[in-house]
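Each remark here refers to the structure printed beneath this line.
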Amino acid sequence: ELVRQGEALKRTEQMVDKMEQDLKTSQRHINSIKSVWGGLVNYFKAKPPENKPEQNGAPEYDANSRLKEAMMSSKEQESKYQESHPNLRKLDNSDDDFRKADLVSSVQRDSYPKNQQLRAYHQKIDNNLDEMSSGLSRLKNLALGLQTEIDEQDSMLDRLTKKVETLDVNIKNTDKRVRQL
């Protein structure tokens, strides 16, 4: 959603820039109409460069790299997460958990209790904690990416607000000049 909003902000900013360019062109025409001297000045004055039209009518918006990385890593881990999530996986795999616990290396077996059931539960708890840790890590990366994107869009909004305010004043001045003609 933030990427979509960023694209919309980028398009809006480009449209405001285009409007400002059109307003400058209209002011040149008003100067030409208003007096002969203004027409001569505009004739010898260089024409403002025109922006090239956007390809396919849609400018490309590039979300920040931190958000892209977080989204990609989250998508990569999504299938793994769904397979291991207690509410999303089958409930009859409790025997598999005990088999997995029996495959623990001898080094790890020394750190768990000697009772097999207790060892299996400790292993299961450790596995769950590892999954929680990776999930929290993903959430942290997503949150940091979202915060960076929000900060960038906030600065874009500030720029856009200033441009719109300036454009509004210029449009009012141009309107006043046209009414005087």
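Owing to the predicted nature of the structure, the values given are computational and were not obtained by experimental measurement.
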(request) Each residue besides Leu129 in its hydrophobic cluster should be listed here, by chain and number; the cluster joins Ile, Leu, Val, Met, Phe, Trp and Tyr at side-chain heavy-atom distances under 4.5 Å. (result) Ile125, Met132

(request) Drop me the distance from His122's NE2 to Asn115's CG, to the nearest 0.5 angstrom. (result) 9.0 Å

(message) Please report the interatomic distance NZ(Lys24) to CG(Asp22), rounded to the nearest 0.5 Å.
(response) 11.0 Å

(request) Taking Thr148 for its side chain and Leu144 for its backbone only, find out whether a donor-acceptor pair lies under 3.5 Å. (result) yes

(message) Within this structure, what is the OG-CZ distance for the pair Ser133 and Arg138, rounded to the nearest 0.5 Å?
(response) 11.5 Å

(message) For Lys162, give me all partners under salt bridge (Lys or Arg N to Asp or Glu O under 4.0 Å), at least two apart in sequence or on another chain.
(response) none

(request) Return the set of residues passing salt bridge (Lys or Arg N to Asp or Glu O under 4.0 Å) with Arg159 (not counting sequence neighbours), or none when no residue passes. (result) Glu13

(request) List for me each residue that meets salt bridge (Lys or Arg N to Asp or Glu O under 4.0 Å) alongside Asp175, sequence neighbours excluded, and say none if there are none. (result) Arg179

(message) Are the side chains of Leu9 and Gln5 in contact, using a 4.5 Å heavy-atom criterion?
(response) no

(message) With rounding to the nearest 0.5 angstrom, report the CG to CG distance, Leu136 to Asn141.
(response) 11.0 Å

(message) Before you tell me yes or no, could you show the steps for Asp17 and Gln21 under side chain to side chain donor-acceptor pair (under 3.5 Å), namely the whole-Å CA-CA distance, both residues' side-chain angles and the distance that decides it to 0.1 Å?
(response) CA-CA 6 Å; Asp17 290 341; Gln21 190 177 34; over 6 Å; no

(request) Could I get the full list of side chain to side chain donor-acceptor pair (under 3.5 Å) partners for Gln180, not counting sequence neighbours? (result) none

(message) How long is the straight-line distance from CD of Glu20 back to CE of Met15, given to the nearest 0.5 Å?
(response) 14.5 Å

(message) Using the rule that Ile, Leu, Val, Met, Phe, Trp and Tyr join whenever any side-chain heavy atoms are under 4.5 Å apart, tell me whether Leu157 and Val164 fall into a single cluster.
(response) yes

(message) Counting C-beta onward and ignoring hydrogens, is there a side-chain heavy-atom pair between Asn127 and Gln123 closer than 4.5 Å?
(response) yes

(request) Determine, using the 4.5 Å side-chain heavy-atom cutoff (strictly less than), whether Leu160 and Ile171 are members of one ILVMFWY cluster. (result) yes

(message) So, taking the atom named CE in Met19 and the one named CG in Asn170, what distance separates them when rounded to the nearest 0.5 Å?
(response) 11.0 Å

(request) Only counting residues at least two apart or in another chain, list the ones meeting salt bridge (Lys or Arg N to Asp or Glu O under 4.0 Å) with Glu165. (result) none

